[in-house]
**Student:** 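Take a look at this one; I'll ask things after.
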Amino acid sequence: MPKNRILTGHRPTGPRHIGHLVGTLETWAALQSTHECFFLVADLHVLTTDYAHTQCIQDNIHNMLADWLAAGIDPQRATIVLQSAIPEHAQLSLLLGMLVTVARLERVPTYKEQVKELNLQPSLGLLTYPVLQAADILVYKANTVPVGDDQLPHIELARETAHRFNQTYGPVFPEPEALLSKAARLPGVDNRTMHTSYGNAIYIRDTPEETTHKVMNMYTDPTRIHSNDPGHVEGNPVFIYHDVFNPNLEEVDEFKLRYRSGRIGDVEIKKRLAEVLNVYLAPLRERREKIITQPRMLMEILHSGTEQARLISRQTIEEVQVYMGLLQKQSSTEYGSIVP
Ligand code: TRP
């Protein structure tokens, strides 16, 4: 069994923003040279909060994939998988669901938050969201799952479930470990969490003009009324962005010094930020533009990755069924034992 297998994914909720880029996509792209990577388009998970409005899913998948590739996800080196096209995800989720109590799932913090936010009766699908996520990971016997810290409760559940399965039926699954992104979470232009539904995100696909417009309207230090008032740098999103995107460290230090002592206006700092951000994003945007005009190529990449993944998922399900006593072992089949 490979010790270096990664599985991670996103729900296809639309184009990716720069928070996705520096928080996750850059990490994923780098992992491709050290790990065997599976990147999952988790379209089934989208349905857990809204099963009725499915007309934009295809478009969202398309846009998300274009951004993934623009950010350096390379189908030659990684396997891109469409969750709903692989029945073994659902099948394993059902089987693992037998090993998890309802009470345990009701305690998952992301579930509790969603229930509060949604203001409606949670569906069975929402409750079992983390079981499906555990199946996503375990169906490929992935050991490592790069995620943001909001996903930690789900990885914990996947570990517990793998452990329980192994204890009950035999050593089939590795207990997967989360790999937390080192990059700090990028705030939105209004200083809340960057989120598509908040309208505070800068997208990879935005034009330079749109980007500049968003930057010029960014939230800065609310205590600073005049440009000669001393300003706050810490926690100021304009400076957080400069730290991430401006390669000229001396310039950033100088900006901070002048800002703190009230010797530079917000406008100047924002103008420079818009420039560096547009330079940073230019090569991605160029790649994206080429990719987005080739929808057939995108679908082929997704199709062939999914086909490859399916060879593995089928094998895992067969093994699971044998271990669970649902299927008689074919005398010729050898299952790779897990490396602890
Ligand atoms: N729940 C993840 C998110 O919202 C998406 C996801 C689905 C995922 N299946 C996964 C992440 C498996 C890692 C591993 O971001």
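Ligands are counted one by one from 1 in listed order, and the atoms in each one are counted from 1 as well. In this chain, numbering begins with 1 at the start of the sequence shown.
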**Student:** Once you measure the plane-to-plane angle for Y169 and F165, does it fall in the parallel (<30°), tilted (30-60°) or perpendicular (>60°) bin?
**Tutor:**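 Aromatic pair Y169/F165 classed tilted.
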
**Student:** Taking 4.0 angstrom as the limit, do E234 and R260 come out as a salt bridge?
**Tutor:**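 Salt bridge: yes.
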
**Student:** Using 30° and 60° as the class boundaries, would you call the ring planes of Y280 and F245 parallel, tilted or perpendicular?
**Tutor:**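 It falls in the perpendicular class, over 60°.
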
**Student:** Does NZ or CZ of R288 fall inside the cone over Y203's six-membered ring, less than 6.0 Å from its centre and within 45° of the axis?
**Tutor:**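 Here R288 fails the 6.0 Å and 45° test against Y203.
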
**Student:** Using ring-ring contact (aromatic ring centres under 6.0 Å, His included) as the criterion, point out the one residue from F38, F173, F39 that pairs with Y140.
**Tutor:**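 Answer after filtering F38, F173, F39: F38.
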
**Student:** Flag the pair V215 / V189 as yes when at least one side-chain heavy-atom distance between them is below 4.5 Å, and no otherwise.
**Tutor:**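 Side-chain contact under 4.5 Å: no.
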
**Student:** What does the list of residues with a heavy atom under 4.0 Å from ligand 1 look like, ordered by chain and number?
**Tutor:**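 The answer is L7, T8, G9, R11, L40, A42, H45, Y129, Q133, D136, I137, V145, V147, Q151, counting any residue whose heavy atom sits under 4.0 Å from ligand 1.
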
